[in-house]
Amino acid sequence: MIRDRRVPGPFSSQVGLSYMMNWIDHFHFTAILFSRSRILTKALRAFPLPAASASLLALKHEPPRPKNFMAPLTNGTIPRSTKMHSKVVIIGSGPAGHTAAVYLARANLNPVLFEGFMANGFAPGGQLTTTTDVENYPGFPTGIMGPELMEKFREQSIRFGTQVITETVSKIDLSARPFRYWREGQEGDEPETADSVIIATGASAKRLGLKGEDMYWQSGISACAVCDGAVPIFRNKPLAVIGGGDSAAEEATYLTKYGSHVYVLVRRSELRASKIMAKRLMNNPKIVSLAHSFEWIPNIHPPPQTILWNTVATECQGDGDLLNNLRIKNVLTQEEKDLPVNGPFYAIGHEPATAIVRSQLQTDEDGYIVTVPGTTQTSVKAVFAAGDVQDKRYRQAITSAGSGCMAALEVERLLAEEEEGTDCELANFFFFLFSLM
């Protein structure tokens with residue numbers, strides 16, 4: 001039992017309270033001195049705390065990171081740019097980039113967003129600017145046009161104070177902080193700098209380069225069954241999926257919900273899909289597999305889904321507004337025929353826009369940025385990736401927006417921790433001192 005040496009007998013609760021308050025005041029004053037002293041801050045970081053006390057008062061909880069995942073930054077000090085220095089720069093202007101901008105602007109971090117000038121072949125706003133009806137984004141019960149949706153994203157970012165720059169970042173150096181980057185056409189000038197970076201440059205669907213493709217892209221041609229399959233121009237209409245991999249198998253099965261019948265155009269005599277996906281497609285009762293791609297061409301009662309082997313598309317045709325026919329060719333016999341469909345869906349993969357960072361960040365075999373599971377943290381500290389540039393599975397506007405929110409919150413936490421310096425260490429230090437009383 002604790003005893004007050006000035007008072008005989010059992011410890012008085014009133015005296016004890018006064019005694020403890022004096023200690024608390026003393027440590028509170030000491031804490032203020034510590035937080036204001038850079039020298040003591042460095043000493044405190046080197047102070048060997050017991051593992052138990054440190055773990056008890058851990059103030060941040062992060063998911064486990066793969067060993068050696070985080071690439072070390074160089075020891076050199078990079079001066080801040082006299083041209084423009086920012087706490088956070090966002091590269092990309094799709095749902096991920098603008099969602100991150102809204103959160104960061106509301107946190108008073110003054111984000112700078114480079115929306116690009118026809119970057120990756122798209123106008124500012126990304127892939128959604130080439131989309132017609134968007135019916136699966138919450139909050140728009142009657143749907144909304146893709147360009148209109150992205151304009152609303154942009155307006156909201158600007159409303160909260162985001163600086164939106166309609167230029168493309170063509171070069172970036174992630175070897176040391178602050179990170180240096182250059183705008184397109186200014187690679188030889190002084191770089192601009194940022195304490196943190198969010199990569200939200202997206203990914204674009206691979207195209208075939210067919211005749212008429214540009215005319216009917218998003219006017220019959222799509223690269224996302226989940227996004228567009230239920231759109232009125234495709235409902236109860238003959239559709240086609242081009243590809244032989246997992247995505248093609250998955251999208252063809254999905255489209256049977258909406259199309260009057262679905263064709264799968266496979267260049268080879270077998271699917272490239274994984275065994276489980278190929279089996280799922282081939283065992284679907286709605287699917288008819290033809291030994292020869294021209295053994296059957298639609299008549300008045302076509303099967304719900306047909307796999308056309310050794311077949312490629314050669315031309316997209318329509319009435320000038322919407323596509324209504326595919327010209328197809330057998331690669332073995334070179335025979336060409338018409339395939340009346342209202343919607344060819346490309347399932348031949350996507351290309352992530354990671355060219356400027358691919359040699360500096362960890363990426364997978366397809367070029368997508370690898371992030372710590374459950375976060376948007378890349379292999380370089382203070383560099384985060386959000387949206388389709390790191391998502392090869394879902395590729396939806398809503399999931400991109402969600403990862404943009406994640407990136408913003410992680411940037412905010414990182415910068416706050418760095419600005420506050422050693423608040424966590426101070427808490428542990430004083431907890432340790434109290435434990436010795």
Problem set entry | Worked verdict on S170 versus E187 for side chain to side chain contact (heavy atoms under 4.5 Å, CB included) | CA-CA 8 Å; S170 60; E187 291 83 356; 2.5 Å; yes
Exercise. Does the pair Y346 and K206 meet the rule for a side chain to side chain contact (heavy atoms under 4.5 Å, CB included), with working shown?
Worked result: CA-CA 8 Å; Y346 287 13; K206 293 180 180 178; over 6 Å; no
Exercise. Using 30° and 60° as the class limits, which term best fits the ring planes of H98 and F153: parallel, tilted or perpendicular?
Worked result: tilted
Exercise. What is the ring orientation for H261 with Y263, classed by angle as parallel under 30°, tilted 30 to 60°, or perpendicular over 60°?
Worked result: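 Rings of H261 and Y263: perpendicular, as their planes differ by over 60°.
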Side-chain donor-acceptor pair under 3.5 Å between [X] and [Y], yes or no?
X: D246; Y: S274; value: yes
X: Q360; Y: S175; value: no
X: N325; Y: D338; value: yes

Problem set entry | R268 to W309, cation-pi by 6.0 Å centre distance and 45° axis angle |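 Judged by the rule (NZ or CZ under 6.0 Å from the ring centre, within 45° of its axis), R268 is not positioned above W309.
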Exercise. Taking the six-membered ring of F160 as reference, does the NZ or CZ atom of R106 fall below 6.0 Å from its centre and within a 45° cone about the axis?
Worked result: yes
For this session: For side chain to side chain contact (heavy atoms under 4.5 Å, CB included), just list the numbers for W182 and E192, CA-CA rounded to whole Å, side-chain angles, deciding distance to a tenth of an Å, and then say yes or no.
Result: CA-CA 6 Å; W182 291 261; E192 295 163 277; over 6 Å; no
Exercise. In this structure, are over 12 heavy atoms from other groups packed under 6.0 Å from K279 atom NZ?
Worked result: no
So how far is it from [X] [atom1] to [Y] [atom2], rounded to the nearest 0.5 Å?
X: N310; Y: L265; atom1: CG; atom2: CG; value: 11.0 Å
X: E410; Y: S403; atom1: CD; atom2: OG; value: 10.0 Å
X: I90; Y: I165; atom1: CD1; atom2: CD1; value: 11.0 Å
X: K392; Y: R395; atom1: NZ; atom2: CZ; value: 9.0 Å
X: T378; Y: I198; atom1: OG1; atom2: CD1; value: 11.0 Å
X: L210; Y: Q317; atom1: CG; atom2: CD; value: 11.0 Å

Exercise. Are the side chains of T253 and V262 in touch, meaning some heavy atoms are under 4.5 Å apart?
Worked result: no
For this session: Determine, step by step, whether D195 and H85 satisfy the side chain to side chain donor-acceptor pair (under 3.5 Å) criterion, reporting the C-alpha distance in whole Å, the side-chain angles of both residues, the deciding distance to 0.1 Å, and the verdict.
Result: CA-CA 8 Å; D195 294 327; H85 176 80; 3.2 Å; yes
For this session: Taking only Lys NZ, Arg NE, NH1 and NH2, and the carboxylate oxygens of Asp or Glu, determine whether E335 and K329 approach each other closer than 4.0 Å.
Result: no
Problem set entry | Ion pair R358/E351, N-O distance below 4.0 Å | yes
Verify, without hydrogens or angle tests, whether [X] (side chain) and [Y] (backbone) share a donor-acceptor contact under 3.5 angstrom.
X: T201; Y: A353; result: yes
X: T162; Y: V164; result: no
X: T193; Y: S81; result: yes

Problem set entry | Minimum-distance pair of heavy atoms, taken over all atoms of L326 and A313 |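 Between these two residues, the closest heavy atoms are CD2-CB, 4.2 Å.
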Exercise. Shortest non-hydrogen contact from A385 to T371?
Worked result: CB-CG2, 4.0 Å
Exercise. Could you give all pairs that pass the disulfide bond (SG atoms under 2.5 Å apart) test and reach residues 185-264, with sequence neighbours left out?
Worked result: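 The answer is C224-C227.
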For this session: Dump the intermediate steps for side chain to side chain donor-acceptor pair (under 3.5 Å) on T376 and Q390, then the final yes or no.
Result: CA-CA 8 Å; T376 61; Q390 53 85 51; over 6 Å; no
For this session: With side chain to side chain donor-acceptor pair (under 3.5 Å) as the test, would you mind laying out the steps for Q186 and K171 before giving the verdict?
Result: CA-CA 9 Å; Q186 301 178 19; K171 180 182 176 183; over 6 Å; no
Problem set entry | With sequence neighbours excluded, residues passing disulfide (SG to SG under 2.5 Å) with C405 | none
